[in-house]
Enquirer: 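Quick one: the structure is below, questions incoming.
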Number of protein chains: 2
Amino acid sequence: MTEIMVVDDDHDLRESMAEVLGKAGFAVTQASRGEEALEHLAKNNFDLILLDLVMPGLGGLELLGRIRDKAPRMPVIMITAFASVENAVAAMRQGASDYITKPFRIDGLLAAVGRVLEEARFESCRTSLDLDTVLSCLSNPLRREILAQIEQKGALRFMDLCRKLELEDHTKMNFHLKILKEAGFLHQDENKLYLLTSLGTQVLGCVRFLMKKLAD
Amino acid sequence: MTEIMVVDDDHDLRESMAEVLGKAGFAVTQASRGEEALEHLAKNNFDLILLDLVMPGLGGLELLGRIRDKAPRMPVIMITAFASVENAVAAMRQGASDYITKPFRIDGLLAAVGRVLEEARFESCRTSLDLDTVLSCLSNPLRREILAQIEQKGALRFMDLCRKLELEDHTKMNFHLKILKEAGFLHQDENKLYLLTSLGTQVLGCVRFLMKKLAD
DNA sequence: GGGTTCTGTGAAGTTTTATTCACAGGGGAA
DNA sequence: TTCCCCTGTGAATAAAACTTCACAGAACCC
């Protein structure tokens with residue numbers, strides 16, 4: 001069940017939002033203050049947080065920052081009575097997912113909630129598109145060496161590649177070359193020379209980037 | 001056998017370098033002009049190129065650029081009679097691996113060659129250090145989803161994670177969590193909450209970076 | 001206490017990935 | 001032509017990754 005937290009110091013508005021969301025099939029947790037919201041956050045795990053911008057004590061923007069420390073990609077919708085460009089920009093810069101102004105219509109609220117949840121779902125599942133092929137292809141050290149070797153030398157013939165990597169069995173090389181070709185990292189020119197595609201070059205760059213990150 | 005190309009318009013110097021390198025156990029190809037060097041490059045595959053900076057016709061720097069187009073990471077040592085900071089800097093900016101000045105001692109040349117080849121070997125093999133674990137770990141879409149989910153929610157308990165990812169079998173989750181823990185991407189705190197390590201956060205960042213690259 | 005959920009282990013089974021083997025056409029050299 | 005090396009395919013086998021199953025202690029609720 002999708003869990004939502006509503007953080008607003010206005011008791012009536014909070015209750016009515018909770019009711020609307022509850023009827024729409026969400027599990028709702030309420031918080032009247034920022035500190036309370038942080039406590040809830042530490043215990044429960046929410047799919048979305050609705051946050052009032054202006055509150056006594058811990059303000060909405062600061063609270064948003066604190067939430068980001070804990071959960072960097074938690075979807076958060078900011079709510080405020082004072083529609084201003086500055087506020088909206090500040091909220092979005094802190095990583096708010098959306099921004100709605102009071103007074104709002106019930107269907108407007110539900111639409112925003114639905115949209116943001118949808119985006120979050122999309123975010124987490126699109127990870128398995130091409131990325132899957134690319135990463136499983138790169139997870140093999142021999143294939144990475146093949147790519148690196150071809151990048152270094154520019155273009156290589158089949159047996160040269162085998163010898164440089166000290167592979168006695170050429171069919172093994174063939175197996176991995178086929179995978180690299182299918183992933184779109186390299187291709188053969190008219191002289192049967194193997195060379196990197198632009199995707200291959202880019203991906204190797206990414207691998208180096210990752211290596212640098214791992215180095216420290 | 002390690003193959004080296006020597007490109008220099010000075011016949012005597014070229015021959016003597018070739019002799020020294022040949023005696024040291026390298027297979028040496030000679031070129032007296034830039035155009036000739038490019039022809040050799042298209043046919044053979046070298047492990048290292050020694051390049052004279054000042055040559056009639058196609059100059060050393062321009063030739064270096066052409067070589068880089070073909071073979072972006074080919075090790076190249078620049079050689080010149082005119083030692084100047086500007087030349088050295090320009091060569092290194094174009095991606096020369098090293099820079100030596102004429103006249104040079106035989107052992108100095110061999111030392112430079114050895115060092116550069118060693119670096120190239122190191123470059124291509126260090127790829128299989130941690131990177132192997134990291135990439136094979138990331139190659140599984142379920143594990144990526146686990147990381148993304150934890151990053152979004154900040155910290156999660158075991159069963160919450162199972163439910164969010166709609167895994168009926170919790171032992172499956174356990175299997176993948178163990179792998180993620182061993183790779184150092186996440187750890188458990190005293191309350192058994194799973195949360196990302198700094199490495200985990202960084203690596204997720206890299207994955208997003210890669211995804212963006214793939215998007216276009 | 002008794003039942004239920006949470007968290008975990010280890011082994012057996014399945015699927016995927018990687019390696020090895022047997023074979024074969026094309027092209028160049030002797 | 002014969003021989004040999006290059007390039008490749010498909011099937012059989014081995015290894016690794018993943019899933020499922022059986023079980024069990026700890027914590028929590030009634």
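It should be emphasised that the depicted structure is a prediction, and the values quoted were computed from it without experimental measurement. The sequence lines fix the lettering, A, B, ..., with proteins before strands; numbering per chain opens at 1.
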Enquirer: Of the listed nucleotides (C:dT20, C:dG8, C:dT19), which one gets closest to any side-chain atom of B:F158?
Expert: C:dG8
Enquirer: Whole angstroms only, please: what is the CD-P distance between A:E182 and C:dA18?
Expert: 12 Å
Enquirer: Taking only side-chain N and O atoms of A:K172, does any of them lie within less than 4.0 angstrom of OP1 or OP2 on C:dT19?
Expert: yes
Enquirer: Kindly assign one of parallel, tilted or perpendicular to the pair A:F158 and A:Y194, based on the angle between their ring planes and the thresholds 30° and 60°.
Expert: tilted
Enquirer: With a cut-off of less than 4.0 Å, is there a side-chain N or O of B:Q188 near OP1 or OP2 of C:dG8?
Expert: yes
Enquirer: Take atom CG of A:D169 and atom P of C:dT20, then tell me their distance rounded to the nearest Å.
Expert: 6 Å
Enquirer: Rounding to a whole Å, what distance do you find between B:M159:CE and C:dG8:P?
Expert: 11 Å
Enquirer: Which whole-number value in Å describes the distance from B:L161 CG to C:dG8 P?
Expert: 11 Å
Enquirer: For a quick test of reading the model: is some side-chain N or O of A:R143 closer than 4.0 Å to OP1 or OP2 of C:dT17?
Expert: no
Enquirer: Please state how far atom CG in A:N174 lies from atom P in C:dT17, giving the value in whole angstrom units.
Expert: 18 Å
Enquirer: Any ion pair linking A:R163 and A:D160 (charged N to carboxylate O, less than 4.0 Å)?
Expert: yes
Enquirer: Of all nucleotides in DNA chain D with an atom under 4.0 Å from a non-hydrogen atom of chain A, which is the first and which the last going 5' to 3'?
Expert: D:dC6 to D:dT9
Enquirer: Can you check whether A:F175 reaches A:L142 side chain to side chain, under 4.5 Å on heavy atoms?
Expert: no
Enquirer: Give one of base, sugar-phosphate or nothing for B:S136, where a contact means two heavy atoms less than 4.0 Å apart.
Expert: nothing
Enquirer: In a table with atom names and distances, give each donor-acceptor pair under 3.5 Å that connects a side chain of residues 14-23 of chain A to protein atoms at least two apart or in another chain.
Expert:
| unit_1 | atom_1 | unit_2 | atom_2 | d |
| --- | --- | --- | --- | --- |
| A:R14 | NE | A:Q30 | OE1 | 3.1 |
| A:R14 | NH1 | A:D8 | O | 2.9 |
| A:E15 | OE1 | A:Q30 | NE2 | 3.4 |
| A:S16 | OG | A:L13 | O | 2.9 |
| A:E19 | OE2 | A:K23 | NZ | 3.1 |

Enquirer: Could you tell me whether B:H176 contacts a base, only the sugar-phosphate backbone, or nothing, with contacts defined as non-hydrogen atoms closer than 4.0 Å?
Expert: sugar-phosphate
Enquirer: Considering only heavy atoms from C-beta outward, does the side chain of B:L48 approach that of B:V113 to under 4.5 Å?
Expert: yes
Enquirer: Could you give the CD-to-P distance, from A:E168 to C:dA18, as a whole number of Å?
Expert: 16 Å
Enquirer: Distance check, rounded to the nearest 0.5 Å: A:M173 atom CE versus A:L180 atom CG?
Expert: 9.5 Å
Enquirer: Would you kindly compare A:D160 and B:L142 by the position of their nearest DNA chain D nucleotide and give the one closer to the 5′ end?
Expert: A:D160
Enquirer: Could you tell me the separation between the CG atom of A:L177 and the P atom of C:dT19, rounded to a whole number of Å?
Expert: 13 Å
Enquirer: When you match B:R163 and B:K178 each to their closest nucleotide on DNA chain C, which lands nearer the 5' end?
Expert: B:R163
Enquirer: Grab the CG-C1' distance between A:L135 and C:dT17 for me, whole Å please.
Expert: 16 Å
Enquirer: With the side chain counted from C-beta on, respond yes when B:L135 and A:L135 share a heavy-atom pair under 4.5 Å apart, and no when they do not.
Expert: yes
